[in-house]
Trainee: 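Sending over a structure as structure tokens; questions will come in a sec.
Positions are given from 1, in the same order as the sequence printed here. Both backbone and side-chain heavy atoms feed into the values below; hydrogens, waters and symmetry mates do not. Just so you know, ligand 1 is whichever comes first in the structure, and atom 1 is the first atom listed for that ligand.
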Amino acid sequence: MDNKKLIKAAIDTLQYSYAPYSDFKVAAALVTSEDEVYTGCNIENASYTPTNCAERTAFFKAVSEGKRKFKAIAIVGGKSGILDHYCAPCGVCRQVMMEFCDPETFIVLLAKSEEEYKTYTLKELLPEGFGPVDLGKESNL
Ligand code: THU
């Protein structure tokens with residue numbers, strides 16, 4: 001899966017963001033080891049704390065359909081959906097990535113457009129992360 005295609009899938013999903021309280025619209029596109037793409041948007045709530053981030057929406061959609069091996073995620077977001085900044089994943093989303101991804105190889109693309117993006121490994125965004133191996137799990141796959 002080419003980076004531009006994954007970013008385009010995230011940008012195309014931004015229209016579904018449900019963010020009536022913050023007006024901060026976020027979307028993500030997650031690619032599995034078999035090159036299937038699962039998209040997600042943020043979903044806010046009048047009670048605030050039930051809000052789900054775009055990244056976790058994408059992961060939970062994929063995991064709930066039996067997918068557990070992932071290569072990369074593209075993330076876009078901004079106030080009113082204007083992509084003039086890079087939108088970094090929150091700590092909770094980084095932790096969810098840690099559950100299902102190899103931090104050394106999983107790629108996080110932060111994009112402003114299909115042409116303008118930054119590339120990180122999960123390990124760069126979550127150094128010394130706590131994950132399944134710390135509880136003696138060899139693999140969660
Ligand atoms: N948000 C995401 O969807 N992903 C992130 O990584 C950062 C924050 C959402 C949650 C909330 O709906 C809005 O952005 C403002 O925090």
Side-chain angles (χ1 to χ4, degrees), residues 1-135 137-141:
M1 167 71 51
D2 130 88
N3 287 347
K4 283 190 179 188
K5 273 193 193 163
L6 197 61
I7 293 165
K8 184 181 185 305
I11 291 172
D12 287 348
T13 302
L14 207 53
Q15 63 186 307
Y16 303 121
S17 163
Y18 178 74
Y21 307 105
S22 71
D23 191 39
F24 194 88
K25 297 176 191 287
V26 187
L30 174 67
V31 61
T32 71
S33 58
E34 289 162 346
D35 280 335
E36 301 136 313
V37 175
Y38 284 82
T39 58
C41 63
N42 57 332
I43 304 168
E44 296 189 345
N45 189 280
S47 189
Y48 284 42
T49 54
T51 293
N52 206 56
C53 289
E55 299 90 323
R56 275 177 288 144
T57 303
F59 267 94
F60 296 159
K61 281 171 67 179
V63 173
S64 68
E65 292 187 20
K67 312 301 174 181
R68 294 196 185 170
K69 288 186 183 176
F70 304 104
K71 292 203 269 202
I73 191 168
I75 305 165
V76 296
K79 194 79 180 165
S80 303
I82 297 165
L83 304 181
D84 55 1
H85 286 79
Y86 294 109
C87 178
C90 80
V92 173
C93 289
R94 292 177 203 209
Q95 186 64 38
V96 168
M97 292 175 196
M98 190 73 198
E99 188 66 29
F100 295 105
C101 306
D102 177 350
E104 310 258 2
T105 59
F106 185 70
I107 298 296
V108 181
L109 302 173
L110 308 185
K112 288 199 240 180
S113 70
E114 284 172 51
E115 287 75 35
E116 213 178 345
Y117 60 88
K118 298 198 285 190
T119 306
Y120 298 93
T121 62
L122 176 57
K123 189 174 182 178
E124 289 174 309
L125 296 181
L126 192 63
E128 302 294 344
F130 185 86
V133 291
D134 295 293
L135 293 178
K137 299 282 178 197
E138 283 288 312
S139 162
N140 53 18
L141 309 179

Trainee: For ligand 1, which atoms have a heavy atom of Val26 less than 4.0 angstrom away?
Mentor: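 Those qualifying, in numeric order: 1 (N), 2 (C), 3 (O), 4 (N), 9 (C), 14 (O).
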Trainee: Does Thr49 reach the side chain of Asn45, with side-chain heavy atoms less than 4.5 Å apart?
Mentor: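 With C-beta onward as the side chain, the pair stays apart.
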Trainee: Going by atom types alone, do Asp23 and Ser80 pair a side-chain donor with an acceptor below 3.5 Å?
Mentor: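 Short answer, yes.
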Trainee: Using a 4.0 Å cut-off to any heavy atom of Glu44, which atoms of ligand 1 qualify?
Mentor: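 Here the atoms of ligand 1 in question are 11 (C), 12 (O), 13 (C).
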Trainee: Counting heavy atoms only, which of Gly40, Gly77, Ala88, Ala54 comes nearest to atom 7 (C) of ligand 1?
Mentor: Ala88
Trainee: May I ask you to identify the nearest protein heavy atom to atom 6 (O) of ligand 1, giving residue, atom name and distance to one decimal place in Å?
Mentor: Glu55 OE2, 2.7 Å
Trainee: Nearest protein heavy-atom contact for atom 9 (C) of ligand 1: which residue, which atom, what distance?
Mentor: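 The protein heavy atom lying closest is Asn42 ND2, 3.6 Å.
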Trainee: With respect to Asn52, determine whether any N or O atom, backbone or side chain, lies less than 3.5 Å from an N or O atom of ligand 1.
Mentor: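 There is no such contact.
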Trainee: Which option, Cys53, Ala28, Ala58, owns the non-hydrogen atom nearest atom 2 (C) of ligand 1?
Mentor: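 That would be Cys53.
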Trainee: Does the side chain of Val92 reach to within under 4.5 Å of the side chain of Glu55, using non-hydrogen atoms?
Mentor: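 Heavy-atom side-chain distance check fails, nothing below 4.5 Å.
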Trainee: Considering residues at least two apart in sequence or located in another chain, which fulfil the ring pair (Phe, Tyr, Trp, His ring centres under 6.0 Å) criterion with Tyr120?
Mentor: none
Trainee: Does Pro89 have a non-hydrogen atom less than 4.0 Å from ligand 1?
Mentor: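 Flag set, Pro89 near ligand 1.
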Trainee: Determine whether Phe59 and Phe70 make a side-chain contact, defined as any pair of heavy atoms from C-beta on separated by less than 4.5 Å.
Mentor: yes
Trainee: Compare all side-chain heavy atoms of Met1 with those of Lys71 and state whether any distance is below 4.5 angstrom.
Mentor: no
Trainee: Do any non-hydrogen protein atoms sit less than 4.0 Å from atom 16 (O) of ligand 1?
Mentor: no
Trainee: Strictly under 4.0 Å, does any heavy atom of Ala19 approach an atom of ligand 1?
Mentor: no
Trainee: Has Tyr16 got more than 12 heavy atoms of other residues, nucleotides or ligands less than 6.0 Å from its OH?
Mentor: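 No, not enclosed.
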